[in-house]
Amino acid sequence: MASEGNAMFDAGQGADSFMQSLPASAVVEYRQTDDIVGDARLIIESSQRWAHRSVNAALVYRNWYLGKRIAEEELKGESRAEYGAQVIVGLAKALTKEYGKGYSKLNLWYFVRFYKAYPSIVYAASKQSAPLLSWTHYRTLLRVHDDKAREWYTREAVEQGWSVRTLDRNISTQYYYRLLSSDEGNRAAEGEAKGAELHRDNEQRKYDFVKSPYIMEFLGFSTEGQPHESDLENALIANLQKFLLELGKGYAFMGRQFHLRGMDGDYYIDLVFYNVILKCYVLIDLKVGKVTHQDVGQMDMYVRMFDEMGRREGDGPTIGVVLCSETSKDIARYSVLKGNEHLFASKYKLYLPTDEELRREIEGQKTLFKLQQAERMEEDGAARADLNADG
């Protein structure tokens with residue numbers, strides 16, 4: 001009985017401390033102006049928002065503790081899988097009879113998975129006032145079996161305020177795996193010297209913001225034929241909010257057909273963004289068809305010109321992305337892309353591929369990325385060897 005009492009105390013304590021840790025202004029907003037109707041509306045709507053958050057927190061806590069209790073019960077069985085299934089079947093029948101819908105075998109199974117995937121979430125929320133996602137968010141996240149990927153999706157959903165629909169799309173399009181730096185083996189080899197690892201992490205931060213392929217099914221193009229570059233640009237501008245979500249965090253749109261005046265003529269960059277996290281400009285040139293060395297050379301020139309003419313004090317080096325419908329191993333290996341940490345050739349797809357197609361595509365794009373970065377990796381390897389020799 002003591003363990004049951006402790007569990008009840010923990011549940012109540014978690015919810016109480018979570019609510020009490022928030023300032024009063026986070027519960028109900030109050031102001032006094034000349035507009036009493038507006039002031040009253042603020043009080044009502046802020047209290048409704050707080051009520052919604054409170055109900056969500058209670059729902060998440062309830063499901064977590066039910067999952068915890070079922071998981072503990074499962075441990076009593078000698079044949080855990082069989083005994084666990086029996087526990088869920090019996091409990092679902094009893095709870096449904098007493099409380100109605102919401103306690104089916106499938107839901108109870110999700111509760112157990114939720115507890116096992118997030119074993120400390122309740123305690124973290126109560127001690128740190130960490131924001132909780134909705135139960136629908138967490139149920140969606142349970143589709144991700146890779147612990148590192150699920151942790152990343154959870155963190156991004158909280159920090160970026162992803163809706164359930166956005167989270168579902170990002171998981172379905174394997175957003176995490178499309179990030180060029182998601183291959184953890186490339187970022188820090190086991191046994192790497194601390195100084196070299198720090199240097200590498202600082203340089204590779206920008207790779208957290210470039211992915212390949214980009215999935216742009218929201219543009220609505222047919223899978224048959226290819227659009228003109230101008231049509232592609234117009235569609236991206238018309239769907240700018242969705243494109244910004246696909247680009248990733250920290251992007252602000254600066255303009256289209258951005259004008260650069262050179263000594264011998266005028267040049268126009270298709271799309272220009274500023275990333276407020278990296279503190280640098282990101283230039284995007286749209287290409288229909290396979291990327292060429294002329295495309296890469298042109299972007300290299302744009303980056304150099306922009307660094308000289310558009311980059312402000314405090315800005316980091318400009319990043320250039322050639323967004324094309326087909327990438328190339330030769331371009332990655334032999335063009336100015338090789339070893340260049342400021343130039344990228346990324347692929348886009350105008351339709352949502354199947355899981356298998358997307359997996360193959362991601363692996364192929366990782367290969368190209370490794371070819372592009374081969375020279376830098378060799379330099380990093382030599383630097384690590386020197387550090388080890390000095391040590």
Quiz prompt | Hydrophobic cluster (4.5 angstrom, side-chain heavy atoms) - remaining members for Val37 | solution = Ile36
Pair [X]-[Y], side-chain donor/acceptor within less than 3.5 Å:
X: Ser134; Y: Asn56; result: no
X: Tyr177; Y: Asp146; result: yes
X: Gln365; Y: Glu361; result: yes

Exercise. Give the minimum heavy-atom separation between Asn170 and Tyr153, together with the two atoms involved.
Key: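 Taking every non-hydrogen atom into account, O-OH, 3.5 Å.
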Quiz item: Where is the tightest heavy-atom contact between Thr327 and Cys324, given as atom of each residue plus distance?
Solution: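 Heavy atoms of Thr327 and Cys324 come nearest at CG2-SG, 3.9 Å.
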Self-check item: Residue pairs fulfilling salt bridge (Lys or Arg N to Asp or Glu O under 4.0 Å) with at least one residue in residues 236-248, sequence neighbours excluded
Solution: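 For residues 236-248: Arg169-Glu246, Arg178-Glu246.
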Quiz item: Which pairs with one or both residues in residues 281-306 pass salt bridge (Lys or Arg N to Asp or Glu O under 4.0 Å), sequence neighbours excluded?
Solution: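 Checked against salt bridge (Lys or Arg N to Asp or Glu O under 4.0 Å) - neighbours excluded - the pairs reaching residues 281-306 are Asp285-Lys287, Lys287-Asp295, Asp300-Arg304.
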Is the backbone N or O of [Y] less than 3.5 Å from a side-chain atom of [X], with the two atoms forming a donor-acceptor pair by type?
X: His137; Y: Leu167; result: no
X: Tyr138; Y: Leu133; result: yes
X: Ser346; Y: Ser212; result: no

For [X], what residues pass the ring-ring contact (aromatic ring centres under 6.0 Å, His included) criterion, not counting sequence neighbours?
X: Tyr274; value: Tyr281
X: Tyr268; value: His259
X: Phe253; value: Phe273
X: Tyr115; value: Trp64

Quiz item: Which word best sums up how the rings of Phe114 and Trp135 line up, parallel for under 30°, tilted for 30 to 60°, or perpendicular for over 60°?
Solution: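 Judged by the thresholds at 30° and 60°, the geometry between Phe114 and Trp135 is perpendicular.
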Exercise. Mind telling me whether Tyr176 and Trp152 have parallel, tilted or perpendicular rings, with 30° and 60° as the class edges?
Key: tilted
Under the salt bridge (charged side-chain N to carboxylate O under 4.0 Å, His left out) test, which residues partner [X], sequence neighbours left out?
X: Arg165; result: none
X: Arg143; result: Asp168
X: Glu233; result: Arg256

Quiz item: Taking atom CD of Gln294 as the centre, does the number of heavy atoms from other residues, nucleotides or ligands within less than 6.0 Å exceed 12?
Solution: yes
Quiz item: Does Val87 have any side-chain contact (heavy atoms from CB on, under 4.5 Å) partners at least two apart in sequence or in another chain, and if so, which?
Solution: Ile70, Glu73, Tyr83
Quiz item: So does Asp315 pair up with Lys279, basic N to acidic O under 4.0 Å?
Solution: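 Salt bridge between Asp315 and Lys279, a charged N being under 4.0 Å from a carboxylate O: no.
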Quiz prompt | Residues Arg359, Glu356: salt bridge by 4.0 Å N-O rule | solution = yes
Practice problem: Report the C-alpha separation of Gln257 and Asp270 in whole Å, then their side-chain angles, then the decisive distance to 0.1 Å, and conclude whether the side-chain contact (heavy atoms from CB on, under 4.5 Å) test is met. | Solution: CA-CA 5 Å; Gln257 292 301 310; Asp270 289 340; 3.1 Å; yes
Got a list of side-chain donor-acceptor pairs under 3.5 Å for residues 97-105, not counting sequence neighbours?
{"unit_1": "Tyr103", "atom_1": "OH", "unit_2": "Arg62", "atom_2": "NH1", "d": "3.0"}
{"unit_1": "Ser104", "atom_1": "OG", "unit_2": "Asn107", "atom_2": "N", "d": "3.2"}

